[in-house]
Amino acid sequence: MRPGTLKKLLDVVKGRTRPDTVIVNGKIVNVFTNSIDEGSSVIIKDGFIASVEEDGKAASYRAKRVIDAGGSYLCPGFIDSHTHIDSLYPFYALVPYAIRGGTTTVVTETSAVACACGMEGVTAFTKSTRGYPLRCYFLAPPLTPPFPEMESSRGLTLEEFNLFLKRQDVPAIGEAYWTRIVEGDPRILKQAVSAINANKKLDGHAAGAHAKRLVQYVLTGITSCHESVTVDEVIEKLRLGLTIMIRQGFVRKELPELHRLKDMDIDTRRLILTSDVFDAVMLREEGYLDAIVRTAISYGFKPMDAIKMATINPADYYGFRHLGAIAPLRHADIIFLADLEGVTVEQVMTNGEMVFEKGCFIKDIPPHVYPEAVRHSVKAAKCTPDDLRIETDGKSRTVRVIRVVNQTITEEVLWTPSVRNGCLEPDPSADIIRVSVINRYDGTQHGHGFINGIGIKNGAIATTLIWDTGNILTIGSSEKDMATAVNRLIDIAGGTVIVKNGKVIFEFPMPVFGTMPIGTIDEIANTTKEMEKKVREIGITLERPFLTIQTIPFSGLPFLRITDRGLADIKNRRLVPLFVDR
């Protein structure tokens, strides 16, 4: 808040200074009294709400501008309390789609950019969000990478982390996987103490934590979780004082199960609706927080409760004193809704300025220019097919294979491959093919293995868009196609490349951090849809290939994964050899 703002607001209410804007003839969605306050006016000065009055008193303010709401519902701007917009699309591209969906504030993780480019990347990302009519807060990334003994990334030092945490636009530590913190990882315990001492939140990732393990997790300062998939899990966490973020986005949609909470006698102030990220296709075709609130209402949540779960509840959780409500000293972030049940957005105001009306975003959005250092961060040297082959002593030996169980979970199976010219052979006919992860900065550091359940018959895919490290993942039916895909991926500075029978048939450049494309949401959505078609041309049978492939190297999910250091047994927290000695 600028010096003098409080004096100006007081002078407006005292009649000494004219307000900038008065909104009349609105129905205010009052998240404090659970009421609809009809015939109300909102008095605005310097982007803040100075007062809320009855319409009859508004004329006395002699406002510079009067907006007639025409009986629309005036709702606080929606807050996405947990997302991951440090990849997938540039912030400037998100802005008009977020605003169209009534979303005026986002809280984002920064782990992807921290792992990919370190503090230099985090700084570049935060700067890229400035000057746009969408508020952005950041979560300090605690585990970069999650398992340094099993994987590599650039990451942050403890000193860099603590400096970042001190920023006013960093209200919390990002999601810390419960296994790491309960086991006593000194990195996260030190970070947790820093957050507690600074009176900041510690967002959690408690998937699979129950009973005593969950208690241990809460003891380390965790304040929320967005990973609940059953009502019983929610109740167990609520009993221990956690705030529950109900996820309804790209990764998972939990409202089909968790909507049953509406019928339970619980404190709904501890429930928050969140996206955990929308991809470009969802932003274009579904909306944003408006779509999530609408879905919650369709499942039976009262409109007032659903709205509060996307406004005052996240504002109170993070301590956003000036957000989440239409009341004095709150930012004038206001959605004009035609109706509550349908959450039909007619107009959107941010910081007292109208930015969306008549179905259009009405402000210019200049693209951000990212520094060269983060546009060329994939430094690995190019590889040959020989670099990706798995040599053996000429004997047939049993190996571990990563088997894809569902969209995000894998398991270990055993298999005995054939041997040719001293190297292990994949078997595409049995859907057992090659997989490798290459360190993006050091091409000589890589892990190799086999994977089942992908479906590739005649080609390969390579990508840097992986959770969390941003290293290079390649999967294919032959080492030749894999090398072709990897080398083209290095040429375009990251993204995704698909090769079929030795030829590149698709590429999706993501040069910023190696995980973010340059373009509009429309352009990115179109390319994403094209990619979904192209993966079928090489035989991929995954239900959601864009999601599943990203998670293959992810050490935050069970059970067998692959990193740039080899095969990782996630349950037992250790690297395991490819060969199994029986």
Before you tell me yes or no, could you show the steps for Phe147 and Thr179 under side-chain contact (heavy atoms from CB on, under 4.5 Å), namely the whole-Å CA-CA distance, both residues' side-chain angles and the distance that decides it to 0.1 Å?
CA-CA 10 Å; Phe147 294 89; Thr179 52; 4.2 Å; yes
Would you call [X]-[Y] a salt bridge at under 4.0 Å N-O?
X	Y	value
Glu412	Arg403	no
Asp569	Arg400	no
Lys529	Glu285	yes
Asp393	Lys395	no
Glu149	Arg573	no
Arg284	Asp522	yes
Lys534	Glu537	yes
Arg565	Glu151	no

Let's go through Tyr288 and Tyr97 carefully: what are the C-alpha distance in whole Å and the side-chain angles of both, what is the deciding distance for ring pair (Phe, Tyr, Trp, His ring centres under 6.0 Å) to 0.1 Å, and is it a yes or a no?
CA-CA 7 Å; Tyr288 196 21; Tyr97 286 84; over 10 Å; no
So, is the end of the Arg375 side chain (NZ or CZ) under 6.0 Å from the ring centre of Tyr370 and within 45° of the ring's axis?
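Relative to the ring axis of Tyr370, which defines the angle, Arg375 lies outside at least one limit.
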Where do Asp276 and His84 land on the side chain to side chain donor-acceptor pair (under 3.5 Å) test, with the steps shown first?
CA-CA 6 Å; Asp276 200 20; His84 295 257; 3.1 Å; yes
When rounded to the nearest 0.5 angstrom, what distance separates [atom1] in [X] from [atom2] in [Y]?
X	Y	atom1	atom2	result
Ile538	Ser477	CD1	OG	7.5 Å
Ser478	Arg389	OG	CZ	8.5 Å
Ile498	Phe508	CD1	CZ	11.0 Å
His446	Thr563	NE2	OG1	12.0 Å
Gln550	Gln407	CD	CD	12.0 Å
Ile518	Tyr89	CD1	OH	14.5 Å

Hey, can you tell me if His205 and His226 have their rings parallel, tilted or perpendicular (30° and 60° cut-offs)?
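His205 and His226: perpendicular rings.
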Please check if atom CG in Asn421 has more than 12 non-hydrogen atoms from other residues, nucleotides or ligands closer than 6.0 Å.
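No, CG of Asn421 has 12 or fewer neighbouring heavy atoms, counting only those of other groups under 6.0 Å.
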One pair to check against side chain to side chain donor-acceptor pair (under 3.5 Å): Thr416 and Thr398. What are the steps and the verdict?
CA-CA 4 Å; Thr416 303; Thr398 300; 3.1 Å; yes
For Lys500 and Asp481, what are the C-alpha separation, side-chain angles and deciding distance, and is it a salt bridge (Lys or Arg N to Asp or Glu O under 4.0 Å)?
CA-CA 7 Å; Lys500 181 179 182 181; Asp481 282 351; over 6 Å; no
Counting N and O atoms only, with roles assigned by atom type, does the side chain of Asn452 sit under 3.5 Å from a partner on the main chain of Asp431, one being a donor and the other an acceptor?
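Yes; at least one donor-acceptor contact below 3.5 Å.
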Hey, does the side chain of Arg440 reach the backbone of Thr469 with a donor-acceptor pair shorter than 3.5 angstrom?
no
Using side-chain contact (heavy atoms from CB on, under 4.5 Å) as the criterion, point out the one residue from Val399, Ile432, Val401, Thr392 that pairs with Pro417.
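Per the side-chain contact (heavy atoms from CB on, under 4.5 Å) rule, the option paired with Pro417 is Val399, out of Val399, Ile432, Val401, Thr392.
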